[in-house]
> 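Can you keep this structure in mind? I'll have questions shortly.
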Protein chains: 2
Amino acid sequence: MGRTPAGKTRERILAFVRERLLAGMPPTVREVQEAFGFRAVGTAHEHLEALVAGGRLARERGKSRGFRLPTTRRGEKPVVLVPLLGCVQAGSLTTAIEDLEGHLPIRSGHGSDALFALRVEGESMTGAGILPRDVVVVRKQAAAHSGDIVVALVGEEATVKRLVVRKKRVELHPENPAFSPIVPEPEDVTILGKVIEVRRYLEGSHP
Amino acid sequence: MGRTPAGKTRERILAFVRERLLAGMPPTVREVQEAFGFRAVGTAHEHLEALVAGGRLARERGKSRGFRLPTTRRGEKPVVLVPLLGCVQAGSLTTAIEDLEGHLPIRSGHGSDALFALRVEGESMTGAGILPRDVVVVRKQAAAHSGDIVVALVGEEATVKRLVVRKKRVELHPENPAFSPIVPEPEDVTILGKVIEVRRYLEGSHP
DNA sequence: TTGCGTACCAGACAAACGTCTGGTATTAGT
DNA sequence: ACTAATACCAGACGTTTGTCTGGTACGCAA
């Protein structure tokens, strides 16, 4: 293999490793060697070591596929897969996970048990920037603060509304002048959780 | 280690492996063994093999850390981490990645090179359900169809607007009656990419 | 009871893998 | 011209890691 200008190959190696890391399959030293056509393992190893020394990569010494992105990334939380339910009906949250529409990758401090996602139907929350077919990510909790956007079960139906807590009862306020607040009897309403994220997919209908 | 009800531990192992894979660090068989307190490597290996046999995991035989998410899960696309840029200025897309605010997990068929994310400022797109501080995920492309929501560079400033293609020029339409369309000279506008996803984080400000 | 399947343990082997030592040729600085 | 640094090659060593064989304990059904 011919010689390469200073630092040129190194950048390509960094890009290669980063790509593999983001794809979830960290490369081995020998995979780097092969990808760049080196005839010696040590060559790839030297490049990787130089990248680590320069702080552009991190590694767990001795471990296989031990190269990582630099850890200085401000305590980023792990990514979990959250089930996307097509619709929510009474009791469905306590039953087995119905993998209706797939899983969403969510970066969260909570386990995937504490979260679920839901596709919104209707236009009652357009004023809060939640449009029909948007996906809301919900953290399960039985209570919420006044002003939170929640998923609540009224009778048999689940709806997304803004919660307003009164003295004796709770109100579910839409964010659309064409709709009226729901003021259910306290025993008819169950708060399933709080909306912590809204997503809208503009291409295709995926996921 | 005591005995466990059928299939119970298996599910937890699947969740563990999935989590690690999404975090970019596939576990070894022995790491699974340790995480679940098995005193034999074979036990972890059997569980993993059973998951592979059931199609719930994939693996590259013989390779270290060879367990992967099954690629055939209804064509679910891999999750990639997309850089979230605090702001976009001229030329910054071609330069090195500025890891300003972190990375977003995105399920996409494109490589992470083709995508970036951007925090929206201003209220010009509230009519399309894009509020201030929302995050838009953008696929890099130099052209787009009329009606697409795009990120465009007008002079030195990047904006999110709906694209309208006229005969000789393009127009950038806000979705808010309080703002007026931008009709720039063709040489003053560059389309950076098309918005394919909108995200809003309602808890904390972090993704 | 016997037989079968599952969950787990114990230990070992070979392949994969990170790391090291030593060497050659090219480039860059002085 | 001399030196230092860089890019690469060759091979080897020891650890990590996937995989295998054989065995124990428990539950379930015939």
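Labels below follow one simple rule: chain letters A, B, ... track the order of the sequence lines, proteins then strands, and each chain is numbered from 1.
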> Given atom CD of A:Q33 and atom P of C:dT19, what is their separation to the nearest angstrom?
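Whole-Å distance recorded here is 15 Å.
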> Atom NE2 of A:H45 and atom P of C:dC17: how far apart are they, to the nearest Å?
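Atom NE2 in A:H45 sits about 14 Å away from atom P in C:dC17.
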> Any salt bridge linking B:E31 with A:K63? Criterion: basic side-chain nitrogen under 4.0 Å from a carboxylate oxygen.
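No.
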> So, does B:R39 get its side chain near the phosphate of C:dA7, meaning an N or O under 4.0 Å from OP1 or OP2?
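Indeed not, no polar side-chain atom of B:R39 lies that close.
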> So which nucleotide from D:dT17, C:dT19, C:dC9 ends up closest to the side chain of B:A40?
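The closest nucleotide is C:dC9.
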> With a 6.0 Å cut-off on ring centres, are A:H47 and A:F36 close enough?
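Ring centres of A:F36 and A:H47 not closer than 6.0 Å.
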> Would you confirm whether B:R20, through its side chain, and B:M25, through its main-chain N or O, come within 3.5 Å as a donor-acceptor pair?
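Yes, the answer is positive, given that a donor and an acceptor are paired below the 3.5 Å cut-off.
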> Can you establish whether the number of heavy atoms outside B:E175 located under 6.0 Å from its atom CD is more than 12?
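It does: B:E175 CD has more than 12 such atoms within range.
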> Rounded off to whole Å, could you give me the CG-to-C1' distance for the B:L48 and D:dT19 pair?
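Atom CG in B:L48 sits about 12 Å away from atom C1' in D:dT19.
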> Round to the nearest Å and state the distance from B:R30 atom CZ to C:dC9 atom P.
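Nearest whole value for this atom pair: 15 Å.
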> Of the listed nucleotides (D:dC8, C:dT19, D:dT17), which one gets closest to any side-chain atom of A:E46?
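Closest of the options to the side chain of A:E46: D:dC8.
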> Ignoring backbone atoms, test whether B:H47 places a side-chain nitrogen or oxygen under 4.0 Å from the OP1 or OP2 oxygen of C:dT6.
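No, because none of the side-chain N or O atoms of B:H47 sits under 4.0 Å from OP1 or OP2 of C:dT6.
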> Rounded to whole angstroms, how far apart are CE on B:M25 and C1' on D:dT17?
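Spelled out: CE on B:M25 to C1' on D:dT17 is 17 Å.
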> On DNA chain D, nearest-nucleotide positions of A:V41 versus B:E60: which is more 5'?
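Per heavy-atom nearest nucleotide, the more 5' residue is A:V41.
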> Hey, does the side chain of B:R10 come within less than 4.0 Å of C:dA7's phosphate (OP1/OP2), counting only N and O?
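So the side-chain polar atoms of B:R10 do come within 4.0 Å of the phosphate oxygens OP1 or OP2 of C:dA7, strictly under.
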> To the nearest Å, how far apart are B:F38 CZ and D:dG18 C1'?
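Rounded to the whole Å, the gap is 17 Å.
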> If the cut-off is 4.0 Å, is B:S64 near the phosphate of C:dA16, judged by side-chain N/O to OP1 or OP2?
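No, B:S64 has no side-chain N/O under 4.0 Å of OP1/OP2 on C:dA16.
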> In terms of side-chain heavy atoms of B:T43, which of D:dT17, C:dC9, D:dC20 is nearest?
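Nearest nucleotide to the side chain: C:dC9.
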> Given C:dT19, C:dA16, D:dC8, which nucleotide is nearest the side-chain atoms of A:T9?
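When the side chain of A:T9 is considered, D:dC8 is the closest of C:dT19, C:dA16, D:dC8.
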> I want to verify a distance call: between D:dA7, D:dC9, C:dG18, whose nearest atom is closest to the A:T28 side chain?
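So the side chain of A:T28 is nearest to C:dG18.
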> Just how far, in rounded Å, is P of D:dA7 from CZ of A:F36?
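Rounded to whole Å, this separation is 14 Å.
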> Would you kindly give the CG-to-P distance between A:L57 and C:dG18, to the nearest whole Å?
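From A:L57 CG to C:dG18 P: 13 Å.
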> Could one point to a donor on the side chain of B:R61 or the base of D:dG18 with an acceptor on the other under 3.5 Å away?
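Side chain to base: no pair below 3.5 Å.
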> Give a yes or no answer on whether the side chain of B:R65 reaches the backbone of A:S64 with a donor-acceptor pair at less than 3.5 Å.
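Such a contact is found between B:R65 side chain and A:S64 backbone.
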